[in-house]
Q: 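The structure that follows is given in the form of structure tokens.
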Amino acid sequence: MTREPYYVQSLERGLAVIRAFDAEHRELTLSDVARQCGLTRAAARRFLLTLTDLGYVRSDGRLFSLTPRVLELGYAFLGGLTLPEVAEPHMERLVAEVRESCSLSVLDGADIVYVSRVPTSRIMRVAINVGTRFPAYATSMGRVLLAALPAAELDAYLERAKLEPLTDRTICAPEPLRAELRRVRADGHSIVDQELEEGLRAIAAPIRDRSGAAAGALNISVHAARATVDTIRERLLPPLLTAVAAIEADLRIAAPRRPGQP
């Protein structure tokens, strides 16, 4: 294979040495590394000793293994990821598992704003795209985000929000909505049954950042003819919470630490 003039083969080989270690090969001998990377023992030894001097590899004299410092190599990339970029791979796996549409939104004033969506089919009259807005009070994602607000911010929201009946099921009075938000806060998720649109049911859970604040919400939406509320809770809630936990774990890696954070 012809290499471009700029190609640094020693860099390629050094990265290959790092990639030789994985979950099944946490410790390798010099011969193991040489064989897996197609290097001579002498070349493998030079790479391993250089990585040891740099703090990326440790050795007991016979076996070599990576140190936690290798995580630094990925932090520059992960630190620049946005919430949708972190969430989308998990959303795609979730949709493949449950075969229903999945969305990610954030709270913006009185509305939720869709920042990512993985659809399976169109189940609403209104097409949902990134940037679509819906009133927070009538949506599953909006309710988990409202439920996570500090008391003073929730009071301010309820004072200024224009609560209107979008269907005959919509909770659109302040006190019943406040009671529903208390339940959502206690349950850790929200199920909305045809309150935004007839025939649409959805379940959502908050995604919390490193500080514990709700950075966004993830939901699964289904046509009411395909799933009852009980079915949604039994079949969709566990995989939804699994996806949320995976996103939160990635966010803890991706989010830059602020001063004073552990």
Side-chain angles (χ1 to χ4, degrees), residues 82-87 91 101-119 122-222 224 229 232-233 237 240-241 244 247-248 251 255 258:
T82 64
L83 175 59
E85 288 171 326
V86 171
M91 294 171 66
S101 298
C102 176
S103 301
L104 174 70
S105 74
V106 296
L107 189 64
D108 182 30
D111 298 330
I112 59 164
V113 179
Y114 282 69
V115 295
S116 185
R117 180 167 169 79
V118 181
R122 182 170 172 178
I123 59 175
M124 294 187 67
R125 288 190 298 270
V126 178
I128 300 176
N129 301 301
V130 171
T132 297
R133 306 174 74 96
F134 288 122
Y137 70 90
T139 65
S140 59
M141 290 187 286
R143 286 186 183 169
V144 296
L145 293 171
L146 291 174
L149 290 176
E153 291 184 30
L154 178 58
D155 289 342
Y157 167 84
L158 291 173
E159 287 178 6
R160 69 176 184 270
K162 189 175 182 180
L163 307 180
E164 298 178 329
L166 304 178
T167 73
D168 59 7
R169 297 169 180 259
T170 309
I171 298 175
C172 52
E175 287 313 308
L177 179 59
R178 191 186 294 274
E180 175 65 11
L181 294 177
R182 284 196 295 268
R183 186 193 64 76
V184 168
R185 189 180 303 115
D187 291 347
H189 67 274
S190 172
I191 298 178
V192 168
D193 182 9
Q194 304 180 81
E195 295 187 48
L196 177 66
E197 182 176 306
E198 292 287 348
L200 179 71
R201 292 181 173 132
I203 183 168
I207 297 171
R208 299 190 180 277
D209 61 19
R210 181 190 293 275
S211 70
L218 191 71
N219 92 337
I220 301 171
S221 53
V222 302
V229 169
I232 289 172
R233 185 177 290 110
L237 179 58
L240 174 68
L241 295 180
V244 165
I247 294 169
E248 290 176 340
L251 281 178
R258 294 189 292 270

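Residue numbers run from 1 in the order of the sequence given. None of these values were measured; they are calculated from a predicted model.
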Q: Assess the residue pair Asn219 and Ser103 against the criterion (side-chain contact (heavy atoms from CB on, under 4.5 Å)); give the C-alpha distance rounded to whole Å, side-chain angles, the decisive distance to 0.1 Å, and a yes or no.
A: CA-CA 5 Å; Asn219 92 337; Ser103 301; 3.3 Å; yes

Q: Show the nearest heavy-atom pair for residues Leu163 and Pro174, with the distance to one decimal.
A: CD1-N, 3.9 Å

Q: Between Leu166 and Glu197, is there a side-chain heavy-atom distance shorter than 4.5 Å?
A: no

Q: Sub-3.5 Å donor-acceptor pair from the side chain of Thr167 to the main-chain atoms of Gln194, do we have one?
A: yes

Q: Just how far is it from atom CG of Leu146 to atom OG1 of Thr139, taken to the nearest 0.5 Å?
A: 7.5 Å

Q: Restricting to non-hydrogen atoms, name the atom on Ser221 and the atom on Arg117 that form the minimum distance, rounded to 0.1 Å.
A: OG-NH1, 4.1 Å

Q: Any chance you could measure Ile191, atom CD1, to Leu237, atom CG, to the nearest 0.5 Å?
A: 7.0 Å

Q: Does Tyr137 use its side chain to pair, donor to acceptor, with the backbone of Leu158 at less than 3.5 Å?
A: no

Q: Heavy-atom distance under 4.5 Å between the side chains of Leu218 and Leu240, does that happen here?
A: yes

Q: Drop me the distance from Glu153's CD to Leu107's CG, to the nearest 0.5 angstrom.
A: 9.0 Å

Q: Output the distance between atom CZ (Arg143) and atom CD (Glu195), rounded to the nearest 0.5 Å.
A: 4.0 Å

Q: Which value, rounded to the nearest 0.5 Å, describes the distance between Leu83 atom CG and Asp209 atom CG?
A: 9.5 Å

Q: Might you work through the side-chain contact (heavy atoms from CB on, under 4.5 Å) test for Asp187 and Arg233, ending with a clear yes or no?
A: CA-CA 11 Å; Asp187 291 347; Arg233 185 177 290 110; over 6 Å; no

Q: Between Gly188 and Ala205, what is the shortest heavy-atom contact and its length?
A: O-CB, 3.9 Å

Q: On a heavy-atom basis, which atom in Leu181 and which in Ala147 lie closest, and how many Å separate them?
A: O-CB, 3.6 Å

Q: My understanding is that only one of Val192, Ile220, Val229 makes a side-chain contact (heavy atoms from CB on, under 4.5 Å) with Arg201; could you say which?
A: Val229

Q: Are Ile207 and Glu248 close enough, and set up right, to give a side-chain contact (heavy atoms from CB on, under 4.5 Å), and what steps lead you there?
A: CA-CA 6 Å; Ile207 297 171; Glu248 290 176 340; 4.0 Å; yes

Q: At what distance, to the nearest 0.5 angstrom, does OG1 of Thr170 lie from CG of Leu196?
A: 7.5 Å

Q: Looking at side-chain heavy atoms only, is the closest gap between Tyr114 and Met141 below 4.5 Å?
A: yes

Q: Minimum heavy-atom separation for Leu251 and Arg208, please, with both atom names.
A: CD1-O, 4.2 Å

Q: Could you pull out the closest heavy-atom pair between Ile112 and Ser105, with the gap in Å?
A: CB-OG, 3.8 Å

